[in-house]
Enquirer: 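Quick one: the structure is below, questions incoming.
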Amino acid sequence: MTAPTINGTRYPQPIEDLLPAARALDLPDGEAFPSRNRLMREFRIGAPKAGELLTLLKTTPAPPPADTTAPATPDPAPAPAVPEAAPPVVPDLLPAPEITPPAPVEQVAPVSRPDTPAPPAPTRSAVAWPVVLLALPAFVAIWSGWVGLGGLTGFGIVHPLPGIWDSFSINSAITLPIGVETYGAYALYVWLSGRVPDRARTFAKWSALGSLAIGALGQVAYHLLEAAGVTSAPWWITTAVACLPVAVLGMGAALAHLVRTHD
């Protein structure tokens, strides 16, 4: 819908320009002025402007009729378009919404690849010096027991360097405690360390337990023979004790080989 053409323009006109057109409207009988609704409908204006125009119609006297004998004058130039005033902006009385600050993002620990082992947490290692106090008396008892059993089974003083160093002699019985007990302690360490392949751990486990068991049996055999006053061990004890150095050499070589494999 567009405003009626007044003075050659369709844009909203000032009230002064609409006043003559309002007086020129055809009115029903008995009405001196048009209604506000008709002014709004005829001139496409708002209610405030229509009310002001109706007030001017009632308060401003109509101009006298123009003289028809006077020469015709050209229509005045169209008035510049005046934009209709925008309605006042009503402030929003509602309270502004409260903005909740975002929750702080928790620091996420970096996730490593599944196949990458996590670095071990630093822990304080336990002290190991009490083991020395425990090992000293055990060393004396084990050493004397194996050397004594070796003497009962044929181990004794030998000259390992004849023709080179004739005066050098050694008691071959010391090979028993050095070989059996040293291998048992080393195999126990390899088993419990957890830093070797599975095959090496399994072999170290059973050989360590076997070495410790043989060491205990050797101590029992020596003390029983000594208590019974036996000066020469039976043949089956002599046979078992004579095989110990060879068995220790074989188990030590096998464990060293398994520790270095990565299969």
Side-chain angles (χ1 to χ4, degrees), residues 124-263:
R124 184 178 179 182
S125 58
V127 294
W129 61 265
V131 179
V132 178
L133 297 179
L134 297 174
L136 286 176
F139 172 78
V140 173
I142 293 172
W143 185 276
S144 61
W146 274 118
V147 172
L149 183 61
L152 296 178
T153 56
F155 288 84
I157 301 297
V158 295
H159 298 276
L161 301 174
I164 299 176
W165 190 357
D166 293 335
S167 61
F168 177 70
S169 62
I170 188 173
N171 191 342
S172 60
I174 66 173
T175 59
L176 299 175
I178 294 176
V180 176
E181 303 302 335
T182 302
Y183 175 81
Y186 175 67
L188 186 65
Y189 165 76
V190 173
W191 169 31
L192 300 178
S193 66
R195 294 180 293 180
V196 296
D198 293 338
R199 292 179 59 191
R201 286 192 63 192
T202 303
F203 183 84
K205 172 184 176 181
W206 294 112
S207 62
L209 295 177
S211 179
L212 295 177
I214 291 174
L217 292 176
Q219 298 299 315
V220 172
Y222 167 70
H223 288 286
L224 290 177
L225 294 174
E226 186 70 19
V230 177
T231 58
S232 179
W235 69 269
W236 53 275
I237 294 181
T238 302
T239 302
V241 172
C243 294
L244 287 179
V246 180
V248 169
L249 175 62
M251 290 189 298
L255 182 58
H257 175 73
L258 292 175
V259 167
R260 297 178 185 277
T261 58
H262 300 282
D263 297 338

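Counting from 1, the numbers follow the sequence of the chain as shown. What you are looking at is a predicted structure, and each value in this text was computed from that prediction instead of being measured.
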Enquirer: Taking the side chain from T153 and the backbone from G150, do they hold a donor-acceptor pair closer than 3.5 Å?
Expert: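 At least one qualifying donor-acceptor pair exists.
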Enquirer: Less than 4.5 Å apart, side chain to side chain, heavy atoms only: is that true for D166 and H159?
Expert: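 Sidechains of H159 and D166: no contact.
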Enquirer: Among residues at least two apart in sequence or on other chains, which ones pass side-chain contact (heavy atoms from CB on, under 4.5 Å) with I157?
Expert: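 Listed in chain order: S169, N171.
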Enquirer: Walk me through whether W146 and T175 qualify under side chain to side chain contact (heavy atoms under 4.5 Å, CB included).
Expert: CA-CA 9 Å; W146 274 118; T175 59; over 6 Å; no
Enquirer: If I compare all heavy atoms of I142 with all of Q219, which pair ends up nearest, and what's the gap?
Expert: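 In this case the closest contact between I142 and Q219 is O-NE2, 3.3 Å.
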Enquirer: What distance do W143 atom CH2 and E181 atom CD have between them, rounded to the nearest 0.5 Å?
Expert: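 It is 11.0 Å, given to the nearest 0.5 Å.
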Enquirer: Side chains of V259 and L255: closer than 4.5 Å at any heavy-atom pair?
Expert: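 SC-SC contact between V259 and L255 confirmed.
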Enquirer: Please name the pair of heavy atoms, one in V190 and one in A204, separated by the smallest distance, quoted to 0.1 Å.
Expert: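 For V190 versus A204, the nearest heavy atoms are CG1-CB, 3.8 Å.
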Enquirer: Going by the rule ring pair (Phe, Tyr, Trp, His ring centres under 6.0 Å), which residues pair with W206 if we only count those two or more places apart in sequence or in a different chain?
Expert: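 W206 satisfies ring pair (Phe, Tyr, Trp, His ring centres under 6.0 Å) with no residue once adjacent residues are dropped.
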Enquirer: Can you name the side-chain contact (heavy atoms from CB on, under 4.5 Å) partners of I170, sequence neighbours left out?
Expert: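 So I170 forms a side-chain contact (heavy atoms from CB on, under 4.5 Å) with V158, P160, I174.
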Enquirer: Would you name the heavy atoms of F203 and A254 that are closest together and state the gap between them?
Expert: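 For F203 and A254, the tightest heavy-atom pair comes out as CZ-CB, 3.9 Å.
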Enquirer: Does any pair with a residue in residues 167-198 pass ring pair (Phe, Tyr, Trp, His ring centres under 6.0 Å), and if so which ones, sequence neighbours excluded?
Expert: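 Pairs touching residues 167-198 that pass the test: W165-F168.
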Enquirer: Would you give the length of the straight line joining atom CG of L149 to atom OG1 of T238, rounded to the nearest 0.5 angstrom?
Expert: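 That separation rounds to 8.0 Å.
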Enquirer: Do the side chain of S211 and the main chain of S207 share a donor and acceptor less than 3.5 angstrom apart?
Expert: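 Between the backbone of S207 and the side chain of S211 there is no qualifying donor-acceptor contact (under 3.5 Å).
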Enquirer: Any chance you could lay out the side chain to side chain contact (heavy atoms under 4.5 Å, CB included) test for V241 and L176, step after step, and finish with the verdict?
Expert: CA-CA 8 Å; V241 172; L176 299 175; 3.6 Å; yes
Enquirer: Can you list the residues that meet the side-chain contact (heavy atoms from CB on, under 4.5 Å) rule with A208, with sequence neighbours excluded?
Expert: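 Once residues adjacent in sequence are excluded, the partners of A208 under the side-chain contact (heavy atoms from CB on, under 4.5 Å) criterion are A187, L188.
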Enquirer: To check you understand the geometry: which heavy-atom pair defines the closest contact between A242 and P245, and what is its length?
Expert: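 Looking at all heavy atoms of both residues, the shortest contact is O-CD, 3.5 Å.
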Enquirer: Does a side-chain heavy-atom distance below 4.5 Å link I237 with L225?
Expert: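 Answer yes - side chains close enough.
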Enquirer: Just so I know, are the side chains of V196 and L258 near enough to count as touching, which here means a heavy-atom distance under 4.5 Å?
Expert: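 Not in contact.
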Enquirer: Sequence neighbours left out, what pairs pass ring pair (Phe, Tyr, Trp, His ring centres under 6.0 Å) with at least one residue falling in residues 207-256?
Expert: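 Ring pair (Phe, Tyr, Trp, His ring centres under 6.0 Å) check on residues 207-256 returns no pairs.
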Enquirer: CE of M251 to CG of L244: how many Å apart, nearest 0.5 Å?
Expert: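 Output value for this atom pair is 8.5 Å.
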